[in-house]
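Worksheet: one structure, shown below.
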Protein chains: 2
Amino acid sequence: MVATNFKHRGHDHPAPISSAVVDDIVAQLARQGYRDTEPRRLVISAVAAQGRPFTAEDLCAALPCVGRATVYRGLRLLVETDQVCRVLLEDRELRYQLSHQGHHHHMLCAICGASADLIDCDVEDILRAAADRSGFRMSGHWLEVYGRCGECAD
Amino acid sequence: MVATNFKHRGHDHPAPISSAVVDDIVAQLARQGYRDTEPRRLVISAVAAQGRPFTAEDLCAALPCVGRATVYRGLRLLVETDQVCRVLLEDRELRYQLSHQGHHHHMLCAICGASADLIDCDVEDILRAAADRSGFRMSGHWLEVYGRCGECAD
DNA sequence: ACGCATACCGATAGACAGTATCAATTAAGC
DNA sequence: GCTTAATTGATACTGTCTATCGGTATGCGT
């Protein structure tokens with residue numbers, strides 16, 4: 001194969017990016033009519049490789065061979081299809097992470113950046129009741145909890 | 001007085017911006033060592049004049065005679081001194097509003113943009129307990145509730 | 001296997017919100 | 001009034017994300 005100044009695309013049969021997680025997400029996307037492309041697999045793979053909440057720029061840096069616009073588009077698609085959820089830091093920086101099923105909230109460690117799902121936490125009903133008292137009909141909410149994880153606690 | 005191409009400053013004695021709210025905030029700032037300047041009073045006055053959560057750009061537009069940087073700085077100062085609180089819309093747009101005393105949350109109407117304080121809502125303890133269960137020590141949180149206010153509920 | 005329609009890609013330019021810089025100005029205390 | 005440090009405003013800049021658009025590759029029907 002001859003080197004070119006163009007990026008690899010499918011025509012030179014690169015090693016397909018594949019793993020249980022990637023295949024699963026690609027299959028879910030396929031079910032909704034989205035194509036199975038190599039750049040998209042690369043994005044999903046990089047997302048799955050992140051150990052903690054990451055920024056879009058983190059992904060771009062981890063994927064120098066994928067266009068920025070493609071990374072952002074891929075990320076947005078994953079958010080829209082609920083494969084990835086968005087997390088907001090105290091300084092309003094937006095991060096992402098693979099979403100576990102169902103609606104839940106995150107606890108973010110201000111020191112190491114780790115996140116943990118907030119389990120057994122039904123603020124929903126309480127908020128709805130309080131909203132009612134204000135004459136509002138609640139349709140959604142955004143909640144982030146900040147603190148220190150066990151390892152960073154003092 | 002001769003017209004110049006420079007903006008008015010104190011030297012031509014413009015009508016001082018004053019009202020109960022403005023004077024009160026200016027006094028609080030003075031207590032913390034911040035000067036009483038005309039641009040700052042203008043910003044505070046414009047903030048007080050807003051009927052609902054507003055953006056920094058709203059203020060800039062309402063204050064064409066005050067520099068952008070000054071508006072942003074003034075707003076930040078007001079947030080840091082707890083005179084104004086920040087509110088996050090569902091699309092992550094940042095808005096501001098005069099803060100009423102004490103920690104509380106906001107209910108935002110997705111239709112008309114109105115906001116109401118969420119009263120009798122102690123999510124704090126519940127969150128802290130849930131965080132404990134995840135091994136976290138909670139230090140803060142960010143909560144916004146979205147929905148429809150009474151008037152927009154149809 | 002082949003061809004077609006169209007989703008998709010990447011490079012780049014641009015929109016946008018907010019910040020840094022810095023000389024000029026002014027508030028506040030003496 | 002005078003001094004000095006805080007403040008201002010014009011502007012340039014940063015960083016994040018989106019729009020555009022020519023070209024490409026995927027998935028499907030055949």
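By convention in this document, chain letters (A, B, ...) are assigned in the order of the sequence lines, proteins followed by strands, and residues within each chain are numbered from 1. Since the structure is predicted, the reported quantities are computational estimates derived from the model, not experimental observations.
Counting to the nearest Å, the C1' atom of C:dG10 and the CZ atom of A:R73 are 7 Å from each other. When rounded to the nearest whole Å, the span between CG of B:D91 and C1' of D:dT18 equals 14 Å. For the pair A:L59 CG and D:dT16 C1', the computed distance is 14 Å after rounding to whole Å. Straight-line distance from the CD atom of B:E93 to the C1' atom of C:dA15: 15 Å, rounded to whole Å. Going from atom CG of B:D36 over to atom P of C:dG29 covers 11 Å, rounded to whole Å. If you measure from atom OH of B:Y72 to atom C1' of C:dC16, you get 9 Å, rounded to the nearest angstrom. One atom, CG of B:L94, and another, P of D:dT16, lie 17 Å apart when rounded to the nearest Å. Taking atom OH of A:Y96 as the reference point, atom C1' of D:dT16 lies 10 Å away to the nearest angstrom.
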*Worked verdict on B:Y34 versus B:L77 for side-chain contact (heavy atoms from CB on, under 4.5 Å)*: CA-CA 9 Å; B:Y34 296 103; B:L77 177 61; 3.5 Å; yes

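Evaluation of atom-type donor-acceptor distances gives a pair under 3.5 Å for the side chain of B:R35 against the base of D:dA6. The base of C:dA27 lies outside donor-acceptor range of the side chain of B:R40, with no N or O pair under 3.5 Å.
The minimum heavy-atom distance linking B:S45 with B:V22 is given by the pair CA-CG2, 3.7 Å. The shortest heavy-atom contact between A:R92 and B:W142 is CG-CH2, 3.8 Å.
Take the nearest nucleotide of DNA chain D for B:R92 and for B:A69: the residue whose nucleotide is more 5' is B:A69. Place A:G74 and A:R68 on DNA chain C by their nearest nucleotides, and A:G74 ends up nearer the 5' end.
Of the candidates A:H105, A:H100, A:H106, A:H103 forms a ring-ring contact (aromatic ring centres under 6.0 Å, His included) with just one, namely A:H105.
Side-chain nitrogen and oxygen atoms of B:T37 include none within less than 4.0 Å of the OP1 or OP2 phosphate oxygen of C:dT26. OP1 or OP2 of D:dG9 has at least one side-chain nitrogen or oxygen of B:T70 nearer than 4.0 Å.
Remark: B:E93 CD is packed, more than 12 non-hydrogen atoms of other residues, nucleotides or ligands lying under 6.0 Å away.
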